[in-house]
Amino acid sequence: MAAAGAFAITPHKVSVCVLLQMYALPTQASPPFSSVSQHNRLGLYILSLAKSYDDIFEPKLEELVSHLREIGGPLGPWLVDHLTSRVSSLSSPDDLFTFFTEMRGILGGSDSVVMEDNQVILDPNSILGMFLRRCVLAFNILSFEGVCHLLTNIGIYCKEVLSTCMPYELHHLDGSSNDLESLSECENMDLENLVFGKVNEEIEEGKEANGRVSFHLHAPQAICGLVEDVEVITDPRSKHCEKGTEGCSHVHHPGTESRDIDPYSEVFLRTNWQVQGYLMEQADAIEKHGSSFSFNAFELILRQIKKLAPELHRVHYLHYLNSLYHDDYFAAVENLHSYFDYSAGIEGFDFIPPSVSNNSARYEIALLCLGMMHFYFGHPKQALLVLTEAVRISQVQSNDSCLAYTLAAICNLSSEIGSSITAGILGTSYSPMTSMGSSVSVAQQLFVLLKESLKRAESLKLKRLIASNHLAMAKFDLMHVQRPLLSFGPKASMKLKTCPVNVCKELRLCSHLISEFASETSTVTTDGAFSTAWLKNLTKPMGSLVLTQDNESGENFHALQFSAQPSSIPRSVLQLLGSSYLLRASAWETYGSAPLARINALVYATCFADSSSSSDTALVHAKLIQHLAAFHGYKEAFSALKVAEGRFLSVSRSVLLLVKLQLLHERALHRGHLKLAQQVCDELGVIASSVKGVDMELKREASLRHARTLLAAKQFSEAAAVAHSLFCMCYKFNMQVENATVLLLLAEIHKKSGNAVLGLPYALASLSFCQSFNLDLLKASATLTLAELWLSLGSNHAKRALALIHGALPMILGHGGLELRARAQIAESKCYLSDPSYSVFGDPEVVLDPLRQASDELQVLEYHELAAEAFYLMAIVFDKLGKPEDREEAAASFKKHVMALENPEDEDPLLSLL
C-alpha cells in the first residue's frame with residue numbers, strides 16, 4: 001500500500017505518460033503531426049491533465065478518448081487508437097519495466113542526446129518533467145505485488161473502452177465488400193482473451209476479497225519522502241452514496257452518475273496538489289454564492305474526500321465554510337473546532353509563516369476564525385471578546401501576522417456595529433487601546449486601531465492586508481470628521497469637516513499596492529485555474545472550434561481562447577480591487593455626484609462581477625436600479641429589477657428585496673396610495689426586526705419610511721415622534737451622515753404642518769451636517785427646503801428664498817434626480833410669483849419654462865401632488881396672460897392629478913410584487 005500522502009502510479013498516470021511519449025517523439029507517429037500548432041495543442045492538453053483540478057477523481061479512459069477526438073481534429077482517431085493500443089499492450093511486469101525505461105529517454109540531462117529529428121527533450125525541472133520523474137520513481141518503488149495490482153487496474157481501465165474503439169485504419173474504409181470483411185474480422189477478435197488473459201485471475205481474486213490489496217514498501221524512507229503527493233485507493237462503494245436532492249451548478253460533482261464504475265474496481269483520487277486546488281476553488285465558490293451554493297451535494301463530496309483521504313484536514317475547513325454560509329451555527333462551530341483539532345490551523349491560511357511549526361501557535365488563528373464566525377452570525381459582543389483574546393495570544397506567541405489580521409478584523413467589527421457595544425470592550429486589560437484611556441471616543445479609538453493595523457501590515461509586507469486597510473481608512477475618512485486626540489493645551493483653529501482628498505488618496509494607494517501582488521501569487525490558483533478552464537472549454541460546443549486546424553489563421557482562435565481562460569490575477573486581489581470601485585461608487589453617491597457613482601458602479605459590474613461575491617454584485621445592481629428610478633422613472637427601474645431578480649439567487653435577494661420595497665414605497669407615496677405604502681412599511685418592519693439580526697441600516701430605513709408614510713397621511717405629530725426617535729438612534733450609534741437626512745425630514749414635517757418657524761432650526765442643523773461631511777447633493781436639497789421654509793413665512797422673504805435656490809440650482813440640475821429637479825423648478829417659479837417686483841407680462845417664460853419641465857418630469861414619476869401644483873401654477877400664469885385655451889388645458893391636467901391623488905387605483909398591478 002502506498003504511504004499516506006504518497007504519489008502512487010495509477011492507470012491514468014500511465015496514460016498520461018503514453019501521451020507524453022507521443023508528444024516527445026513526434027517522428028514515431030504514423031501519420032506524423034501535420035503542423036506545429038497541432039503538436040503544441042497535444043502538449044497543452046497533457047499539461048492541463050497534470051495541473052487541472054476540475055474533479056477529485058482521476059478521469060477514466062473514455063474521457064481521455066473524448067478529449068483526444070476534440071483536440072486532434074483529423075488526427076484524433078489515430079491518437080485514440082495509439083493511446084488505447086499502447087496502454088492495453090502493457091500486459092506483464094516486463095512490459096511496464098520496458099515502458100518506464102523508455103520514458104527516461106525523453107528526459108533531458110547533462111548526458112542526454114537527441115537521437116531523432118523533431119524529438120522533444122523535456123526539462124527535468126519543468127512541470128511535465130517533474131510529473132514524469134515522479135511517475136518513474138513511483139513505479140520504481142513498487143513491490144512485485146504492487147506491479148501486479150497495477151496491471152489489474154490497467155486491465156479494468158482499458159476493458160470497456162477497447163470494446164467501443166475501432167482501430168485507426170477502419171476510419172479510412174471506403175465501404176467496399178473487402179473492407180466489410182476486414183471489419184467483421186476485427187469485430188470477431190477476442191480482445192479480452194488476447195489482452196486480459198493474464199489479469200482475469202487477479203480480478204476474480206479481487207472480487208472474492210472485496211477489498212483492497214495490501215502491499216509492503218521495501219524502499220528506504222528517504223526515497224519514499226521524495227514522492228510528495230497523495231493518491232488513495234479505497235472501496236469504491238463510497239462513491240455510490242445517496243445523492244442529495246438539492247442541486248447546484250456551482251459544485252463540480254465527481255460525476256458518479258456518468259461513470260459506470262465496476263463495483264470491484266478501484267477509484268483513484270487525483271494528486272494532493274490537485275485535490276487541494278479543487279477544495280480552494282470550492283471555497284471561493286462558497287464565498288461567492290453563499291447560501292445558494294448546494295449544501296447537500298457538496299457535503300456528500302466532502303464526505304467522500306474525508307473517507308478516501310483522511311489526512312486532508314482542509315476538508316473540515318470546507319465543512320465549516322459550507323455550514324457558515326448556510327447559517328448553521330452549531331455545525332459551523334463543530335467543524336471549525338474539528339479543523340483545528342486535526343490540523344492546528346496549518347492548512348487554509350496564506351498568512352501563516354511556513355517556518356513556524358509549533359501547534360500551540362495556531363490557537364490564535366482558531367480564535368480569529370471563531371471571532372469572525374460570531375460576527376457573521378450577528379453576535380458582536382462574543383466576536384469582540386474572542387478577537388480580544390486572539391490579540392493577547394498573538395502577542396504571547398509573537399505571531400505578528402495573525403495579530404495584524406486580528407487588528408484588521410476588530411477595526412472592521414468596530415466600524416460596522418458602532419459605539420454602544422465596543423465602548424465596554426475596547427480598553428480592557430488586553431485590548432490594544434488600553435494605553436489611550438477611557439476618555440477617547442470610540443471613533444478616535446477606531447482611527448488609532450486602523451493606523452496600527454496598517455503599520456503592522458506594512459512592516460510585515462502583507463500586501464493584501466495593506467490594501468484592505470487602505471480601504472478601511474478610506475471608509476473611515478468618508479464617514480468621520482477627524483478631531484484632535486488631545487483635549488488640553490492650545491487648540492489651533494481647524495475645520496471640522498471630512499476630507500474627500502484623503503478618501504481618494506487611500507483608494508489610489510489601495511489600487512497601487514494591489515498591482516504588486518505578484519510575489520504572493522500561488523501556482524495552485526494560476527496554473528491550475530488556467531488548466532481547469534481549458535479542459536472545461538473542451539466540453540462546450542465552441543470548444544472544438546478553438547482547437548481545429550481550420551482556425552490556425554487565428555481569426556477565431558484568439559477571441560474564443562480569451563473568453564475561455566480566467567484572469568491570471570488571483571481572485572482575492574480582484575475582490576479587493578472590485579471593493580475599491582464599490583467604495584468609490586458609494587463615496588461619490590455620498591458626496592452627491594450621480595454620474596461618477598454610476599460610472600464606478602458600471603465598472604464594478606462589468607469587470608469584477610465574476611470574481612466578487614453575489615451579495616456585492618447584487619448591491620451594485622441595486623445602486624444602478626436606484627439610479628434608474630431617480631433619473632428615468634419607475635418603469636425602467638422595475639424592468640431592471642426583474643432582470644436582476646432572475647439573475648441572483650436567494651443569497652442576494654435580501655439586497656434586491658430592500659430595493660424593491662423602497663421603489664414600491666416611493667411610487668405608492670407619489671401616487672397617493674397610502675394603503676400600499678403602509679403595507680410596504682410593514683414588510684420593512686418585519687425585515688428589520690430583531691429576530692433577523694441587528695442591522696442598523698435596515699432599522700433606520702424602516703423608521704424613515706414609516707415617518708414619511710405618516711407625513712403623507714398628514715399625521716404630523718406621529719411622524720415627528722418617529723423621526724425624533726430615529727434621530728436619537730442614529731446619534732447613539734454614531735450614524736452622523738444619516739442624521740442629516742433625519743433632520744431634513746423633521747424640517748419637512750414642520751413645513752407641511754404649517755410651522756415653518758419650527759422647521760428652520762432643523763433645516764439649518766441638517767445644512768451644518770452636510771457641510772461637515774461634504775454631502776453636496778444633500779446640502780443642495782437642504783438649501784431647497786430652507787428656501788421653501790423662508791417662502792412659507794411670507795412674500796417678504798421671496799428674494800431671500802430665490803437667492804438660496806439659485807445657489808443650489810447648479811448642483812440640483814447637474815446631479816439631482818427627477819423629483820429634486822422638479823421641486824427646485826416649482827419652488828423657483830413660486831418665488832418669482834410671490835415677489836411683488838416681478839411682472840408676469842414682462843417675462844412669462846421665466847416661470848412657465850421651469851413649470852413645463854417640472855410637469856414633464858413629475859408625470860414620469862407619477863407624482864400626482866407636485867404635478868397638480870405645477871399645473872395649478874401654470875393655469876394661474878396662463879390666466880393672467882389671457883390665454884384661455886392653455887389655461888383650460890393646464891386646469892384639466894390639474895384636475896386629473898387631483899382626482900388620481902384622491903382616488904388611487906386599488907387594482908395596482910404592482911401589488912403582486914409584495
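Below, all heavy atoms of this structure are taken into account, side chains as well, without hydrogens, waters or symmetry copies.
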- Message: Using only atom types and a distance under 3.5 Å, with no angle test, would you say the side chain of S768 pairs donor to acceptor with the backbone of L764?
- Response: no
- For the residue pair H480 and F476, does the interplanar ring angle fall in the parallel (under 30°), tilted (30 to 60°) or perpendicular (over 60°) class? parallel
- Task: Answer yes or no: is there a side-chain heavy-atom contact under 4.5 Å between Y634 and H670?
- Result: yes
- Does any pair with a residue in residues 863-874 pass side chain to side chain donor-acceptor pair (under 3.5 Å), and if so which ones, sequence neighbours excluded? K830-E869, H864-H897
- Item | Heavy-atom side-chain contact between K779 and M811 under 4.5 Å | no
- Please tell me if the side chains of D327 and Y376 come closer than 4.5 Å, counting only heavy atoms from C-beta onward. yes
- Message: Is it the case that over 12 heavy atoms from other parts of the model lie below 6.0 angstrom from the CZ atom of R852?
- Response: yes
- Item | Rounded distance (nearest 0.5 Å) linking atom CD of Q825 with atom CD1 of I805 | 11.0 Å
- Query: Taking the side chain as C-beta and beyond, is there a heavy-atom pair between L861 and L866 under 4.5 Å?
  - Reply: no
- Query: Got a sec, which residues hit side-chain contact (heavy atoms from CB on, under 4.5 Å) with E718, two or more places apart in sequence or on another chain?
  - Reply: L710, Q715
- Between OG of S792 and NE2 of H750, what distance do you get to the nearest 0.5 Å? 13.5 Å
- Message: Could you report the tightest heavy-atom contact between T783 and L804, atom names first, then the distance?
- Response: CG2-O, 3.5 Å
- Passes side-chain contact (heavy atoms from CB on, under 4.5 Å), E738 versus E697? Steps please. CA-CA 9 Å; E738 290 77 5; E697 289 295 330; 3.2 Å; yes
- Message: Keeping S703 on the side-chain end and R700 on the backbone end, is there a donor-acceptor pair under 3.5 Å?
- Response: no
- Item | Distance-only polar pair, side chains of E506 and N502, donor-acceptor under 3.5 Å | no
- Item | More than 12 heavy atoms from other groups under 6.0 Å of CD on E845 | yes
- Task: Please round to the nearest 0.5 Å and tell me the distance separating atom NZ of K752 and atom CG of L711.
- Result: 5.0 Å
- Query: Considering only heavy atoms from C-beta outward, does the side chain of V503 approach that of W588 to under 4.5 Å?
  - Reply: no
- side-chain contact (heavy atoms from CB on, under 4.5 Å) assessment of K660 paired with E683: CA-CA 11 Å; K660 180 169 71 173; E683 292 286 339; over 6 Å; no
- Item | Under the side-chain contact (heavy atoms from CB on, under 4.5 Å) test, residues paired with K799 that sit two or more places apart | D835, S837
- Item | Ion pair check, K642 and E645, cut-off under 4.0 Å | no
- Note on the structure: Heavy atoms of L786 and L760 approach each other most closely as CD1-CD2, 3.5 Å
- L471 versus S579, closest heavy-atom pair with distance: CD1-CB, 3.8 Å
- Please confirm whether the backbone N or O of S586 pairs with a side-chain atom of T590, one donor and one acceptor, at under 3.5 Å? yes
- Non-hydrogen atoms of A707 and A723 that approach each other most closely: CB-N, 4.4 Å
- Query: Got L582 and F608 here, is their nearest side-chain heavy-atom distance under 4.5 Å?
  - Reply: no
- Search all heavy atoms of A890 against all heavy atoms of F878 and return the closest pair with its distance. CB-CD1, 4.4 Å
- Would you check if T709 and H665 make a side-chain contact, meaning some heavy-atom pair closer than 4.5 Å? yes
- Task: Could you go through the side-chain contact (heavy atoms from CB on, under 4.5 Å) check for T741 and F769 one step at a time?
- Result: CA-CA 9 Å; T741 305; F769 271 98; over 6 Å; no
- Item | Interatomic distance, T785 atom OG1 to L767 atom CG [nearest 0.5 angstrom] | 10.0 Å
- Item | Backbone of G592 reached by a side-chain donor or acceptor of D776 within 3.5 Å | no
- Query: Which residues pass the side chain to side chain donor-acceptor pair (under 3.5 Å) test with S612, sequence neighbours left out?
  - Reply: Y604
- Item | Sidechain N-carboxylate O distance under 4.0 Å for E857, R823 | no
- Pairs flagged by ring pair (Phe, Tyr, Trp, His ring centres under 6.0 Å) wherever residues 797-829 is involved - sequence neighbours left out: W790-H797
- Item | Verdict with reasoning, L577 to S580, per side-chain contact (heavy atoms from CB on, under 4.5 Å) | CA-CA 5 Å; L577 189 57; S580 68; 3.9 Å; yes
- Query: Is there a donor-acceptor contact under 3.5 Å linking the side chains of R647 and H621?
  - Reply: yes
- Note on the structure: Between F871 and S855, the two heavy atoms sitting closest are CZ-CB, 3.7 Å
- Calculate, to the nearest 0.5 Å, the distance between atoms CG and CG belonging to L669 and L674 respectively. 7.0 Å
- Message: Within the structure provided, determine whether L745 and Y762 are in side-chain contact (heavy-atom separation under 4.5 Å).
- Response: no
- Is it true that atom CD of Q678 has more than 12 heavy atoms of other residues, nucleotides or ligands lying nearer than 6.0 Å? yes
- Are any of the side-chain nitrogens in R705 or E701 under 4.0 Å away from the carboxylate oxygens of its partner? yes
- Message: What's the separation between atom CG in L743 and atom NE2 in H724, rounded to the nearest 0.5 Å?
- Response: 10.0 Å
- Message: Restricting to side-chain contact (heavy atoms from CB on, under 4.5 Å), what partner residues turn up for P844, sequence neighbours left out?
- Response: V840, L848, L881
